[in-house]
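In what follows, chains carry the letters A, B, and so on, assigned in the order in which the sequence lines appear, proteins first and then strands, with residues in each chain numbered from 1.
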Amino acid sequence: MNKELADLLFPNITKDTNYYEELYPERNLAEGAIVTRFAPSPTGFVHMGSLRTTFIARKVANDTNGVFFLRIEDTDQKREVENGIQGIVDDFKNFDFKIDEGRIGEYEEIGNYGPYLQSERVEIYQTFAKLLVEKGLAYPCFCSEEALDETRKIQELNKERLGYYGSFATCRNLTIDQIKEHLNNGEKFVTRLKSPGNFNNRVFLEDLVKGKIEFPENDLDVVLLKSDGIPTYHFAHAVDDHLMRTTHVIRGEEWLSSLPIHVQLFNVLGFELPSFVHVTLVNKKDGEGVRKLSKRKDPEAALSYYHERGIPVDAVYLYLMTTANSNFEEWLDSNPDKTLDDFKFDFKKMSSSGSLFDLDKLLNISKNYISRLKADEVYNNVLTWAGKYDTEFYQLLDKYKDYSIKLFNIERECEKPRKDYEAYSSIKSQVWYMYDELFNPAKEDYEFKNVSSSDEISMILTTYVDKYYSESDDQETWFSKMKALCDELGYASNMKEYKANPENFKGNVADISTVIRVALTTKSMTPNLYDIMQLLGTNRIKQRINYLNNL
RNA sequence: GGUCCGUUGGUGAAAUGGUUAACACAUCACCCUCUCAAGGUGACAUUCAUGGGUUCAAAUCCCAUACGGAUCACCA
C-alpha cells in the first residue's frame, strides 16, 4: 500500500536510492580528513558572518587534507536574485577563497559529487522522498495555507505548542482512497515527514563548539518537499550532506534550533550522522542592545566593504582567526615568521558565546599587517586598489612608480616599521603632498605651530636653504645642520637645555623642523622629514618654498 | 508563549577548584623622539549577571532567578 502510494505520488521517479549511493561513493580520504562545505542561498553576496564560518570550514579542511565545497541552495524561488551565484563567486575571488569542489560560476562547477546546485538535484530528493513514502515515513499533505494558519491560531489561543504534529497533523492518516480523491481533484500537495518522534524523549548530542547539548525529540511532521516538488532546506541538507559525504556540518548558530529535525531526518533516512559545529553569530551593538550583524543596516556586513576600503584580505583572515581561536594571536606573536597556514585550528578553542564585531581591532591588525609588507608589495596592492576605486591616485602611482615605492619605504625596512596605513584607501590622504599634481594648498592649509609669523618663517627657510641645506647630506649631517641653524637663529639645538631654560631661546629644534616640515608639506605631522626632503629633492624644495612665499 | 544557546572590564577574551583574574584592541598618563606613526612604562574588573548551596578553598561544580540571543514557514 505504501508502495502504491509512492508510485502514485512520484510516477516519474524510476531510479532508487542505491543508484545514488553508488554514484556518490564514500570518499577515499585519509583518516581524520574533514569534508565540509559552505551552502549559501544565491543572494548575490557573502555576509561577514558567513565568511567567518566558511573561513573556519575552509581552514579545518586544509588542516586535515580534507575537502571544502560550495553548494548553492537555490530552493526558494522567491529569494532568487539575478546573478546571485556570480556575486558569491566574485566575493570569494576577491577574498582569495579557494574551493575544492562546487560552483565556480553561474553555470560552471567542478567536482564529482555534483550537481552542486540544488535546483539541479530535484530528482535526487524526490527519489529519497519516495523511499520514505514507501517505508511509511512520509505522506502527502493537502492542507491549504489558510487551514494551516487556522490551526496555528487555535494553537496560540490554547497556548499549545505550534506546528503540524500529533492530532494537528490531519493529513497523516489519510487513506489511499482519500488521497486519490484529492489528487483527482487536481489538488497540490506537500510531502511531509511522518515523524516517529516523541516530544517527551530527550536527544543528546555533542556539538564541537557548543559541547553537550540536549533537546526534545522532534515530533513535527515537517515539510520535505514543497508543492512544487522542490525540497525544503532541512530535507535537502540531509540528502546532500549525506550524498556529498560531508563529515562536518559547520554552520551558523541560528541552525541549532532545527537540529532535532535534522537528526531525525538523518536517522529516518538511514544516514550516518555527521559532526555538527554551530559557530557563533557575529553581532553588532545597536543602541542598548546587541543584534546580528545585518546586511541592510551595517555596511561592514558585506565583503565588498572591505574590498572598497582596501583592507587587505589577509588582514581580514587574521582578524577572523583571532576571533575564532583565542590562542591564535599569542601564537602569531611568538611565531612572527609563520602564517595562518601553519596554525592549527581547534574547535575546542572556539568561544561558544556570541561576540561583537570589532572594526577597531580589525584595523589594528590590518595596520600591523601592512607595516610588515615590503614597499613594492604595498605599491602593488595600493595600485590594484586604486585601479578600481581611485583613478586619479592610480594614474599618479602608475606615473611615479619608483618614486612611490620609495615613498612607501620611508621608515619601513627597519626593526620597528611605521604603522600608519590601516587600509589602502587611507594612504592617499596621508601622502598626497608628495605628489606635485595634488599639491596646491591655500595659505590657511598650512599648519604652522609655535612659529607662525610670516617674516620669521621666511627668514628661517631662506637661511636654511641658502646656508645649510644640501641634498647629498646623510641623515646625521642633515640633522647636525638643523642644529647649527638653531644655534645661529637663537633656537635651542638641545632639547634638554631648552627644557631647563626655555626663556633663553626663541624656540627649539622641534620648532625649526616644524617650520620646514609645514612649508614643504603643509602638515605638522609627517613621517621623517629627512626622508621626505630626500624624495622631494632640491628643486622641488625650492619650488615649494617659493610657492609659500608668494601666497 | 514553547524549545535551545549564552552571560568574565568599553571590546575580543584567558584561566576548566587553589597565590595580587593572563593577553590583545580601545582609552588615559608619562618617557623617548625633529613632528607624527611607532616603541617603552604605567593606569583601567576589590571581581567574574544575581541569589543560594557544595567545599578548607569557586569565575570555575550544583540549583534557582534575571537578562541577552537564536528559532518556532510550502525561507534558508
Side-chain angles (χ1 to χ4, degrees), chain A residues 39-43 73-79 118 141 143-145 148-149 152 155-156 159-164 188-192 199 207 210-211 213-216 220 222-228 230-234 236-237 251-260 278 280-281 283 285 289-292 319 322-323 326-327 329-330 333 349 351-365 367-368 371 410-411 414-421 430 447 449 478-479 482-483 486 495 508-514 516-518 521 523-530:
Chain A
S41 42
T43 50
E73 313 223 324
D74 62 338
T75 54
D76 184 12
Q77 321 88 305
K78 280 166 281 183
R79 270 168 80 140
Q118 287 183 331
C141 166
C143 290
S144 65
E145 225 170 292
L148 259 19
D149 281 346
R152 190 180 7 254
Q155 287 169 334
E156 273 169 8
K159 295 204 158 91
E160 280 172 298
R161 202 152 47 82
L162 270 34
Y164 202 82
K188 291 200 154 196
F189 67 92
V190 301
T191 308
R192 283 188 186 271
F199 192 72
D207 181 279
K210 290 282 174 190
I213 45 178
E214 61 167 294
F215 42 79
L220 262 27
V222 290
V223 174
L224 268 20
L225 259 25
K226 302 180 239 178
S227 57
D228 55 8
I230 292 174
T232 57
Y233 169 84
H234 307 302
H237 153 53
R251 76 225 308 192
E253 199 178 23
E254 71 265 31
W255 292 110
L256 206 52
S257 331
S258 33
L259 197 50
H278 289 93
T280 56
L281 268 17
N283 295 315
K285 208 173 208 146
V290 168
R291 58 167 169 76
K292 217 164 123 175
Y319 170 70
T322 310
T323 71
S326 47
N327 55 323
E329 207 171 3
E330 213 172 322
D333 236 28
K349 289 280 184 187
S351 172
S352 60
S353 60
S355 56
L356 297 181
F357 186 74
D358 191 347
L359 195 58
D360 281 334
K361 179 79 177 177
L362 203 203
L363 256 15
N364 178 272
I365 288 174
K367 185 169 77 174
N368 278 289
S371 80
I410 292 178
E411 293 173 87
C414 51
E415 189 71 25
K416 284 162 184 164
R418 284 191 80 73
K419 300 182 179 177
D420 52 356
Y421 303 146
Q430 289 170 264
E447 301 173 347
K449 295 284 178 194
W478 170 85
F479 194 53
M482 292 289 270
K483 289 181 166 180
C486 287
M495 275 307 240
N508 60 54
V509 65
D511 295 326
I512 293 291
S513 308
T514 299
I516 299 172
R517 167 176 282 116
V518 175
T521 67
K523 311 277 290 174
S524 60
M525 296 177 286
T526 76
N528 193 346
L529 223 203
Y530 173 76

Determine the interatomic distance between P on rU8(B) and the same-named atom on rG12(B); round to the nearest Å. 8 Å
Side-chain N or O of Lys349(A) closer than 4.0 Å to phosphate OP1/OP2 of rU16(B): no
Less than 4.0 angstrom between a side-chain N/O of Thr323(A) and OP1 or OP2 of rG12(B), yes or no? no
Any N/O donor-acceptor pair, Asn528(A) side-chain to rC34(B) base, under 3.5 Å: yes
Could you tell me the Watson-Crick or G-U partner of rA64(B), where both distances fall under 3.5 Å? Say none if there is no partner. rU50(B)
Check every strand shown and say whether Ile213(A) touches a base, only sugar-phosphate, or nothing at a heavy-atom separation below 4.0 Å. sugar-phosphate
Polar pair under 3.5 Å, donor/acceptor by atom type, side chain Ser227(A), base rC74(B): yes
Given the C1' atoms of rA15(B) and rA22(B), what is the spacing between them in whole Å? 7 Å
Looking at every strand, decide which applies to Phe215(A) at a 4.0 Å heavy-atom threshold: base, sugar-phosphate, or nothing. sugar-phosphate
Just to be sure I understand the rule, does Ser351(A) reach a base, reach only the sugar-phosphate, or reach nothing, if contact means heavy atoms closer than 4.0 Å? sugar-phosphate
Check: Gln430(A) side chain, Asp420(A) main-chain N or O, donor-acceptor pair, under 3.5 Å: yes
Any idea which of rC75(B), rG2(B), rU11(B) is nearest the Phe199(A) side chain? rG2(B)
Check the phosphate of rG40(B) against Lys416(A), side-chain N and O only, distance under 4.0 Å to OP1 or OP2. Yes or no? no
Go ahead and name the base partner of rA57(B); Watson-Crick or wobble counts if both distances stay under 3.5 Å, otherwise write none. none
Using the P atom on both, measure rU16(B) against rC23(B) and round to a whole Å. 16 Å
Which one, rC36(B), rA70(B), rC34(B), comes nearest to the side chain of Glu411(A)? rC36(B)
In whole angstrom, give the distance that lies between atom CD1 of Ile516(A) and atom C1' of rU35(B). 12 Å
For the P atoms, the ones on rU20(B) and on rC63(B), what distance do you get once it is rounded to whole angstrom? 29 Å
Using a 4.0 Å heavy-atom cut-off, does Pro527(A) contact any base of the nucleic acid, only the sugar-phosphate backbone, or nothing at all? base
Return the CG to CD1 distance between Leu225(A) and Ile230(A), rounded to the nearest 0.5 Å. 9.0 Å
Below the 4.0 Å mark, does rC34(B) have OP1 or OP2 next to a side-chain nitrogen or oxygen of Lys449(A)? no
Counting just side-chain N and O atoms, does Thr75(A) come under 4.0 Å of either OP1 or OP2 of rC75(B)? no
Ring-plane angle category for His234(A) and Trp255(A), please: parallel below 30°, perpendicular beyond 60°, tilted otherwise. perpendicular
Determine whether a donor-acceptor pair (one donor, one acceptor, N or O, separation below 3.5 Å) exists between the side chain of Arg418(A) and the base of rC36(B). yes
Sub-4.5 Å side-chain heavy-atom contact between Val222(A) and Tyr164(A): no
Counting side-chain heavy atoms from CB outward, which of rA76(B), rG39(B), rC74(B) is closest to Val223(A)? rC74(B)
From rC5(B), rC34(B), rA15(B), nucleotide with atom closest to Ser513(A) side chain: rC34(B)
Which base sits across from rA70(B) as a Watson-Crick or G-U pair, both distances under 3.5 Å? rU3(B)
Polar pair under 3.5 Å, donor/acceptor by atom type, side chain Arg517(A), base rC34(B): yes
Shortest side-chain distance from Leu529(A), nucleotide among rA37(B), rA73(B), rC34(B): rC34(B)
Among rU35(B), rC4(B), rC25(B), the one nearest Lys361(A) by side-chain distance: rC25(B)
Taking OP1 and OP2 of rC72(B), is either one under 4.0 Å from a side-chain nitrogen or oxygen of Arg161(A)? no
Scanning all shown strands, the Watson-Crick or wobble mate of rC28(B) with both distances under 3.5 Å is rG42(B)
Using the C1' atom as the reference point in each nucleotide, state the distance between rU65(B) and rG6(B) in Å, no decimals. 16 Å
Met525(A) side-chain proximity, nearest of rU35(B), rA38(B), rC75(B): rU35(B)
Looking only at atom P, what distance separates rA58(B) and rU50(B), rounded to whole Å? 15 Å
Say you pick atom C1' in rU35(B) and the same atom in rA49(B); how far apart are they, in whole Å? 47 Å
Phosphate OP1/OP2 of rA26(B) contacted by Asn364(A) side-chain N/O (<4.0 Å): yes
Quick check on RNA chain B: between Gly163(A) and Asn368(A), whose nearest nucleotide comes earlier from the 5' end? Asn368(A)
Can you check side-chain contact (heavy atoms from CB on, under 4.5 Å) on Leu529(A) and Trp478(A), steps first, answer last? CA-CA 10 Å; Leu529(A) 223 203; Trp478(A) 170 85; 3.9 Å; yes
Salt-bridge contact Glu411(A)-Lys416(A) (side-chain N to carboxylate O under 4.0 Å): no
Report which part of the nucleic acid Ser258(A) touches: base, sugar-phosphate, or nothing (heavy-atom distance under 4.0 Å, all strands). nothing
May I ask you to say what Cys486(A) touches in the nucleic acid, namely base, sugar-phosphate or nothing, with a heavy-atom cut-off under 4.0 Å? nothing
So, is Ser326(A) close to the rA14(B) phosphate, meaning a side-chain N or O under 4.0 Å from OP1 or OP2? yes
Quick one: on RNA chain B, does Cys141(A) or Leu362(A) contact a more 5' nucleotide (nearest heavy atom)? Leu362(A)
Rounding to an integer number of angstrom, what distance separates rU46(B) and rC30(B) when you compare their C1' atoms? 26 Å
Select one nucleotide: of rC74(B), rU71(B), rG12(B), the one nearest the side-chain heavy atoms of Arg192(A). rC74(B)
Which nucleotide sits closest to the side chain of Asp420(A): rC74(B), rA37(B), rU71(B)? rA37(B)
With the side chain counted from C-beta on, respond yes when Thr191(A) and Val223(A) share a heavy-atom pair under 4.5 Å apart, and no when they do not. no
Kindly indicate, with the supporting measurements, whether the criterion salt bridge (Lys or Arg N to Asp or Glu O under 4.0 Å) is fulfilled by Arg517(A) and Glu447(A). CA-CA 10 Å; Arg517(A) 167 176 282 116; Glu447(A) 301 173 347; over 6 Å; no
Under 4.0 Å between a side-chain N or O of Lys367(A) and OP1 or OP2 of rA38(B)? yes
At under 4.0 Å, does any side-chain N or O of Lys210(A) touch on OP1 or OP2 of rC4(B)? no
Full working for ring-ring contact (aromatic ring centres under 6.0 Å, His included) between Phe199(A) and Phe215(A): CA-CA 9 Å; Phe199(A) 192 72; Phe215(A) 42 79; over 10 Å; no
Nucleotide nearest Trp478(A) when distance is taken to its side chain, options rG39(B), rC74(B), rC34(B): rC34(B)
Using a 4.0 Å heavy-atom cut-off across all strands, classify Pro40(A) as base, sugar-phosphate, or nothing. nothing
